[in-house]
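Worksheet for the structure shown next.
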Number of protein chains: 2
Amino acid sequence: MSSSNTISHEIAESLRDEILRQQYRSGERFPSERDLAARFDASRGAVREALSQLEQLGLIRTQPGGARVQSVDSASLAVLGPLLQLDDLPNPVLVDQFLETFGVLAALTAKNAVNAANADQLIQLKKLVVLLADESVDLESMQPRWREFMKILSEIADNLVVRLISNDLKAQFVDQMMRLGIRPDVKRSSIKRFISLLRVSINKNDGELASAAMLTHFEELRTAMSEAIGLKASEIRKMAV
Amino acid sequence: MSSSNTISHEIAESLRDEILRQQYRSGERFPSERDLAARFDASRGAVREALSQLEQLGLIRTQPGGARVQSVDSASLAVLGPLLQLDDLPNPVLVDQFLETFGVLAALTAKNAVNAANADQLIQLKKLVVLLADESVDLESMQPRWREFMKILSEIADNLVVRLISNDLKAQFVDQMMRLGIRPDVKRSSIKRFISLLRVSINKNDGELASAAMLTHFEELRTAMSEAIGLKASEIRKMAV
DNA sequence: CCGACCAATTTGGTCGGACCAAATAGTACT
DNA sequence: AGTACTATTTGGTCCGACCAAATTGGTCGG
């Protein structure tokens with residue numbers, strides 16, 4: 001499950017998940033480095049490297065005398081990915097909040113990109129939208145094109161803050177949903193309308209329109225995703241019986 | 001300048017700033033741990049803890065054989081704070097992007113909070129807005145109240161994703177601007193209008209109105225901040241002569 | 001002259017033991 | 001019971017050592 005094969009990373013992941021699972025109360029003393037070293041059968045150095053990562057994530061605060069656990073919602077954004085894949089099924093509330101937040105950022109990006117694009121970039125965007133329209137039969141199969149489109153949008157909009165946020169958010173999310181077999185079922189007509197709105201907004205250089213289209217798309221995605229997760233949850237319950 | 005008194009943190013800060021200042025090209029080899037230890041006159045262990053923090057920030061990628069520098073805009077959001085206080089004067093473009101992004105998130109928060117607030121919370125919000133109105137003479141002096149208001153909004157909206165983003169963004173920003181003596185001069189009439197719009201939106205339970213008010217406020221803040229930074233820049237140039 | 005292959009070196013990853021200073025816990029004293 | 005003091009725990013740092021992977025540099029063959 002864990003990726004980076006180094007011991008210190010494994011320890012960090014393990015402890016991170018324990019904290020995210022609320023197995024420690026906020027403010028509680030964290031086990032000592034020597035205890036952790038014994039528990040993981042590793043050297044203190046490896047444990048210290050792991051703890052230094054947790055500290056960077058804002059999950060613990062270390063001091064001579066003992067480390068203390070910090071409340072999860074005072075942590076860094078980088079914990080969101082791990083937070084989403086804690087359990088078999090991602091927390092639906094969190095997923096919804098993710099989509100809502102990512103939606104407004106995507107809308108902002110679309111607005112700025114369409115408004116700021118030069119002639120060449122507009123042509124490029126038009127091409128991409130045409131490609132998207134061709135594949136609009138299935139939300140999943142158009143993923144690669146869709147990502148490319150968003151990437152170009154983001155490059156044109158050129159907002160480092162949004163890009164940094166996206167780095168911590170986007171990466172794992174879609175992949176994980178697919179891996180879990182959660183497929184939001186957005187109506188084909190909705191997708192077609194969305195893409196056609198994108199096309200119009202690009203043709204008319206209308207950033208506000210692009211933004212609005214993006215927003216409604218994410219709204220539809222939210223409800224579809226919510227249903228998809230609910231469906232998956234009942235599947236799992238059935239399996240358990 | 002640097003906060004945490006431990007050597008490993010000082011090394012991490014130092015190297016972080018060097019990377020953020022683009023003193024290494026993306027993909028370039030990073031100095032070896034042994035070299036860094038010699039340069040900082042520290043042990044390899046301390047250097048390794050520092051590097052493990054940089055890796056968590058997404059600034060470097062380590063591998064047996066050598067660590068490599070990663071491009072800044074593939075880093076974690078947590079680098080934004082340091083990025084803003086790299087130089088005497090924060091990068092105006094970055095500040096503007098920050099305000100634009102934070103603005104849409106604040107608008108989202110306001111919308112959801114006003115829509116979701118129960119009777120008690122609405123009363124609480126009304127009180128806070130009244131307090132804000134009383135102090136609306138000066139943007140700076142109303143900061144404590146303003147922060148409290150945003151905090152309550154954020155608690156009512158209860159969106160963990162936005163909160164995590166804010167953790168990495170908000171904290172240092174306002175403080176740093178004040179410390180540098182950068183005071184955006186938003187017209188008093190604009191502030192008054194903003195607050196009155198907030199009041200109305202709360203009274204009418206109209207989240208969309210609150211969102212729109214927040215958006216225009218941040219728009220005004222952006223232009224004011226841009227002017228303020230420009231002013232400060234010319235001041236500094238004058239001092240240098 | 002160039003490319004492929006192989007050995008020497010560099011580099012990160014880990015370990016163990018050791019010392020210091022700060023913070024905590026425990027104890028004795030008032 | 002409250003306080004002052006001491007012993008212990010804990011994090012922070014250093015050193016030296018070993019392994020395995022990656023890089024480097026040279027050699028050989030075309």
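In what follows, chains carry the letters A, B, and so on, assigned in the order in which the sequence lines appear, proteins first and then strands, with residues in each chain numbered from 1.
- Under the 3.5 Å distance criterion, the side-chain polar atoms of S226(B) are left unmatched by any main-chain donor or acceptor of R222(B).
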Pairs counted only when both distances fall under 3.5 Å, Watson-Crick or G-U: show me the 5' to 3' dot-bracket for DNA chain D, [ ] for pseudoknotted crossings and | for other-strand partners.
||||||||||||||||||||||||||||||
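- In this structure, R44(B) contributes its side chain and R34(B) its backbone to no donor-acceptor pair below 3.5 Å.
- Contacts of G66(A) with the nucleic acid, taken as non-hydrogen atoms under 4.0 Å apart, involve only primed sugar atoms and P, OP1 or OP2.
- When DNA chain D is scanned in the 5' to 3' direction for atoms under 4.0 Å from non-hydrogen atoms of chain A, the outermost contacting nucleotides are dT10(D) to dT13(D).
- Just one of L51(A), V47(A), T6(A), L54(A) meets the side-chain contact (heavy atoms from CB on, under 4.5 Å) condition when paired with I11(A); it is V47(A).
- Per the geometry, CD belonging to E33(B) stands 16 Å off C1' belonging to dT9(C), to the nearest Å.
- We find the CG-OH distance between L15(A) and Y24(A) to be 6.0 Å, quoted to the nearest 0.5 Å.
- A salt bridge is absent between K151(A) and E148(A): the closest approach of a Lys/Arg side-chain nitrogen to an acidic carboxylate oxygen does not fall below 4.0 angstrom.
- The NZ atom of K127(A) sits 14.5 Å away from atom CG of L132(A), with the distance rounded to the nearest 0.5 Å.
- Residue R61(A) qualifies as open at atom CZ: its count of foreign heavy atoms under 6.0 Å is 12 or below.
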Would you check, one step at a time, whether the test side-chain contact (heavy atoms from CB on, under 4.5 Å) holds for V162(A) with N112(A)?
CA-CA 12 Å; V162(A) 172; N112(A) 286 343; over 6 Å; no
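- Using a 3.5 Å distance cut-off with no hydrogens or angles, the side chains of S52(A) and E49(B) do not pair a donor with an acceptor.
- At whole-Å resolution of the value, CZ in R34(B) and C1' in dT10(C) are 8 Å apart.
- Positionally, the nearest nucleotide of DNA chain D for A42(B) lies more toward the 5' end than for the other of R29(B) and A42(B).
- Of the residues near DNA chain C, A46(A) and R68(A), the one whose nearest nucleotide (by heavy atom distance) lies more toward the 5' end is A46(A).
- Counting non-hydrogen atoms of neighbouring residues, nucleotides and ligands closer than 6.0 angstrom, the CG atom of D88(A) reaches no more than 12 such neighbours.
- The two atoms that bring S76(A) and L164(B) nearest to each other are O-CD2, 4.1 Å, heavy atoms only.
- For residues 47-60 of chain B, proximity to DNA chain D is found at no residue, defined as any non-hydrogen atom under 4.0 angstrom from a strand atom.
- What separates CD of Q63(A) from P of dT24(C) is a distance of 7 Å, to the nearest Å.
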